[in-house]
Amino acid sequence: MDEVRNPSIDILRAAAVLLVFCRHIGFPIASQVGWVGVDLFFVLSGFLVSGLLFHEYQASQSIRAGRFLIRRGFKIYPQFYLFLAGSFAVKVFFGEPPPASSVTAEALFVQNYAEGLWGHTWSLGVEEHFYLILAVAIAWLGRRGGANPFAVLPKAAASLFGLILGARVLTWLLQPQTSDYAHIFPSHLRMDSLLAGVILSYFHSFHPDGLKALVHRFRAWIQPASIALLAPIAFLDQSHPFVYTLGFSLTAWAFVLLLAPLVIPRKDALYTSLPARAMARLGQASYAFYLWHGLVLFTADRLQPRLLARGIEIPLLVQWAATFGLTLGVAFFTTWLVEIPFLRLRDRWFPSVSRKARAFSPGEMPATPETVGA
């Protein structure tokens with residue numbers, strides 16, 4: 001747990017989870033564009049998780065995929081299965097016991113192909129499937145040996161980006177009627193966002209000077225380019241065919257451009273203001289916040305008619321503030337109660353190899369970054 005964190009990445013995590021939360025509560029503007037928070041999570045996850053594998057290779061000239069997946073499990077599963085148990089209990093309490101098929105889909109992380117308990121946990125399925133493929137692929141490439149056995153990644157990724165985009169377009173042509181489980185949720189249609197983060201991580205790990213030079217050369221153009229790529233989401237909902245075909249690609253690369261300057265060390269990248277520190281703190285608990293906000297909103301929705309029946313009407317702004325505060329409290333509590341103890345056990349039983357790769361300054365990516373489950 002003794003890691004140097006990059007506060008800018010934690011702030012991005014917080015921004016991502018707030019976008020998703022605001023979309024789900026129906027907050028103005030965010031209800032239209034808040035879905036991009038998940039895509040930001042994907043890019044961050046691809047960058048951070050592949051960075052662990054690259055740094056492990058740099059430290060030991062080998063990659064143990066099984067060990068990597070076990071360490072991921074210690075991060076993801078304890079919090080998730082506590083959330084799953086809580087979800088089942090609350091739904092039963094309100095007289096809405098979920099079908100066994102939904103619980104099974106969640107438990108096996110196939111909730112992005114078969115309907116699970118919640119509408120937001122589908123992204124966990126995408127990430128879990130990607131972790132497995134990534135670990136096996138990087139470990140296989142690592143067997144080639146040498147200083148950089150992953151040089152083929154950019155060309156291979158370019159082909160995969162084209163294939164995944166083609167699969168999205170073909171799915172739309174075969175099934176024009178928009179469906180979450182057909183067009184938006186499936187892993188094979190969404191992994192390119194995580195892969196985009198992997199490519200950034202590759203250059204950050206194996207060509208840091210080139211990446212730094214590129215960022216410095218085009219720094220003035222990076223933010224405008226990112227905004228331009230994101231522009232269509234200001235006018236089109238996620239359910240629009242353009243968005244869930246080419247739009248997902250544009251969004252992924254917009255966030256790569258957003259992230260690239262933040263992983264280059266800068267002396268002025270120390271976030272000391274109170275809002276920045278608060279956002280970074282939320283980012284550290286963003287996985288728990290993302291998980292539990294659905295259950296909190298469900299509970300609030302079921303309690304509201306009971307309160308109205310007793311003549312208690314709560315203003316909308318108070319509802320939003322209360323659900324945010326409760327979600328925040330649950331996120332920090334479960335992180336303290338479950339996530340941190342399991343991470344300590346993980347680091348005791350399966351210590352990180354990547355931690356030994358190199359020392360990072362406070363402005364750089366953490367040596368042992370922890371991804372969120374968005």
Of all residues at least two apart in sequence or in a different chain, which pass the ring-ring contact (aromatic ring centres under 6.0 Å, His included) check with [X]?
{"X": "Trp140", "answer": "none"}
{"X": "Phe54", "answer": "Phe150, Phe206"}
{"X": "Phe109", "answer": "Tyr77, Phe80"}

Which atom of [X] lies closest to which atom of [Y], heavy atoms considered:
{"X": "Pro7", "Y": "Ala280", "answer": "O-CB, 4.3 Å"}
{"X": "Tyr131", "Y": "Glu127", "answer": "OH-OE1, 2.6 Å"}
{"X": "Ala331", "Y": "Ala285", "answer": "CB-O, 4.1 Å"}
{"X": "Ala16", "Y": "Gly37", "answer": "CB-O, 3.4 Å"}
{"X": "Val33", "Y": "Ala234", "answer": "CG1-CA, 4.3 Å"}
{"X": "Phe235", "Y": "Gln32", "answer": "C-NE2, 3.8 Å"}

Look only at the side chain of [X] and the backbone of [Y], and say whether a donor-acceptor pair between them is shorter than 3.5 Å.
{"X": "Lys91", "Y": "Leu117", "value": "yes"}
{"X": "Asn6", "Y": "Leu262", "value": "yes"}
{"X": "Ser31", "Y": "Gly26", "value": "no"}
{"X": "Ser102", "Y": "Pro98", "value": "no"}
{"X": "Asn112", "Y": "Phe185", "value": "yes"}
{"X": "His183", "Y": "Gln175", "value": "yes"}
{"X": "Ser50", "Y": "Gly46", "value": "yes"}
{"X": "Tyr181", "Y": "Pro186", "value": "no"}

For [X], give me all partners under side-chain contact (heavy atoms from CB on, under 4.5 Å), at least two apart in sequence or on another chain.
{"X": "Ile133", "answer": "Met191"}
{"X": "Ala225", "answer": "Leu257"}
{"X": "Phe93", "answer": "none"}
{"X": "Ala321", "answer": "none"}

Can you run down the salt bridge (Lys or Arg N to Asp or Glu O under 4.0 Å) pairs that involve [range], sequence neighbours left out, and say none if there aren't any?
{"range": "residues 147-162", "answer": "none"}
{"range": "residues 138-152", "answer": "none"}
{"range": "residues 183-198", "answer": "Asp39-Arg190, Arg168-Asp192"}

Under a plain distance cut-off of 3.5 Å, with no hydrogens placed, do [Y] and [X] share a side-chain donor-acceptor pair?
{"X": "Tyr244", "Y": "Thr178", "value": "yes"}
{"X": "Asn148", "Y": "Tyr57", "value": "no"}
{"X": "His129", "Y": "Tyr113", "value": "no"}
{"X": "Gln79", "Y": "Thr334", "value": "yes"}

Value rounded to 0.5 Å, distance of [atom1] in [X] from [atom2] in [Y]:
{"X": "Phe324", "Y": "Thr327", "atom1": "CZ", "atom2": "OG1", "result": "8.0 Å"}
{"X": "Leu295", "Y": "Thr299", "atom1": "CG", "atom2": "OG1", "result": "4.5 Å"}
{"X": "Ser123", "Y": "Ile184", "atom1": "OG", "atom2": "CD1", "result": "13.0 Å"}
{"X": "Ser286", "Y": "Ile9", "atom1": "OG", "atom2": "CD1", "result": "11.5 Å"}
{"X": "Arg64", "Y": "Leu69", "atom1": "CZ", "atom2": "CG", "result": "13.0 Å"}
{"X": "Gln111", "Y": "Glu106", "atom1": "CD", "atom2": "CD", "result": "4.5 Å"}

Subject >> More than 12 heavy atoms of other groups within 6.0 Å of Trp320 CH2 >> reply: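 It does: Trp320 CH2 has more than 12 such atoms within range.
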
**OP:** Can you establish whether the number of heavy atoms outside Glu115 located under 6.0 Å from its atom CD is more than 12?
**Re:**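 Incorrect, the count does not exceed 12.
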
**OP:** Kindly determine whether Val243 and Asp237 satisfy side chain to side chain contact (heavy atoms under 4.5 Å, CB included), including the steps that lead there.
**Re:** CA-CA 7 Å; Val243 173; Asp237 188 70; over 6 Å; no

Subject >> Salt bridge present between Arg71 and Asp347 (N-O < 4.0 angstrom) >> reply: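 Result for this pair is yes, salt bridge flagged.
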
Original post:
Who else is in Val110's hydrophobic cluster (ILVMFWY, side-chain heavy atoms under 4.5 Å, direct or via others)?
Top reply: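 Hydrophobic cluster check, Val110: joined to Leu108.
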
Hey, can you tell me if [X] and [Y] have their rings parallel, tilted or perpendicular (30° and 60° cut-offs)?
{"X": "Phe161", "Y": "Trp253", "result": "perpendicular"}
{"X": "Phe94", "Y": "Phe298", "result": "perpendicular"}
{"X": "Phe83", "Y": "Trp118", "result": "tilted"}

Report all side-chain donor-acceptor pairs from residues 302-315 shorter than 3.5 Å, counting only partners two or more places apart or in another chain.
| residue | atom | partner | partner atom | Å |
| --- | --- | --- | --- | --- |
| Arg302 | NE | Glu96 | OE2 | 2.6 |
| Arg302 | NH2 | Glu96 | OE1 | 3.2 |
| Arg310 | NH1 | Arg306 | O | 3.1 |

In this structure, would [X] and [Y] fall into the same cluster of hydrophobic residues linked by side-chain contacts under 4.5 Å?
{"X": "Leu12", "Y": "Leu200", "value": "yes"}
{"X": "Val38", "Y": "Leu189", "value": "no"}
{"X": "Leu40", "Y": "Leu246", "value": "yes"}

**OP:** Could you walk me through whether Phe88 and Val103 pass the side chain to side chain contact (heavy atoms under 4.5 Å, CB included) test, one step at a time?
**Re:** CA-CA 8 Å; Phe88 183 84; Val103 177; 4.1 Å; yes

**OP:** Please step through side chain to side chain contact (heavy atoms under 4.5 Å, CB included) for the pair Leu230 and Ile227, ending with a clear verdict.
**Re:** CA-CA 5 Å; Leu230 288 172; Ile227 293 173; 5.8 Å; no

Original post:
Checking ring-ring contact (aromatic ring centres under 6.0 Å, His included) against Phe21, which of Phe289, Phe27, Trp35 comes through?
Top reply: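 When Phe289, Phe27, Trp35 are each tested with Phe21, the ring-ring contact (aromatic ring centres under 6.0 Å, His included) holds only for Phe289.
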
**OP:** Output, in order, the C-alpha distance, side-chain angles, deciding distance and verdict of ring-ring contact (aromatic ring centres under 6.0 Å, His included) for His293 and His120.
**Re:** CA-CA 9 Å; His293 85 277; His120 69 289; 4.8 Å; yes

**OP:** Answer yes if the ring centres of Phe41 and Tyr290 are under 6.0 angstrom apart, and no otherwise.
**Re:**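 That pair passes the under 6.0 Å test.
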
Subject >> Residues Arg346, Arg72; criterion side chain to side chain contact (heavy atoms under 4.5 Å, CB included); working and verdict >> reply: CA-CA 9 Å; Arg346 179 197 69 178; Arg72 285 293 87 205; 4.0 Å; yes

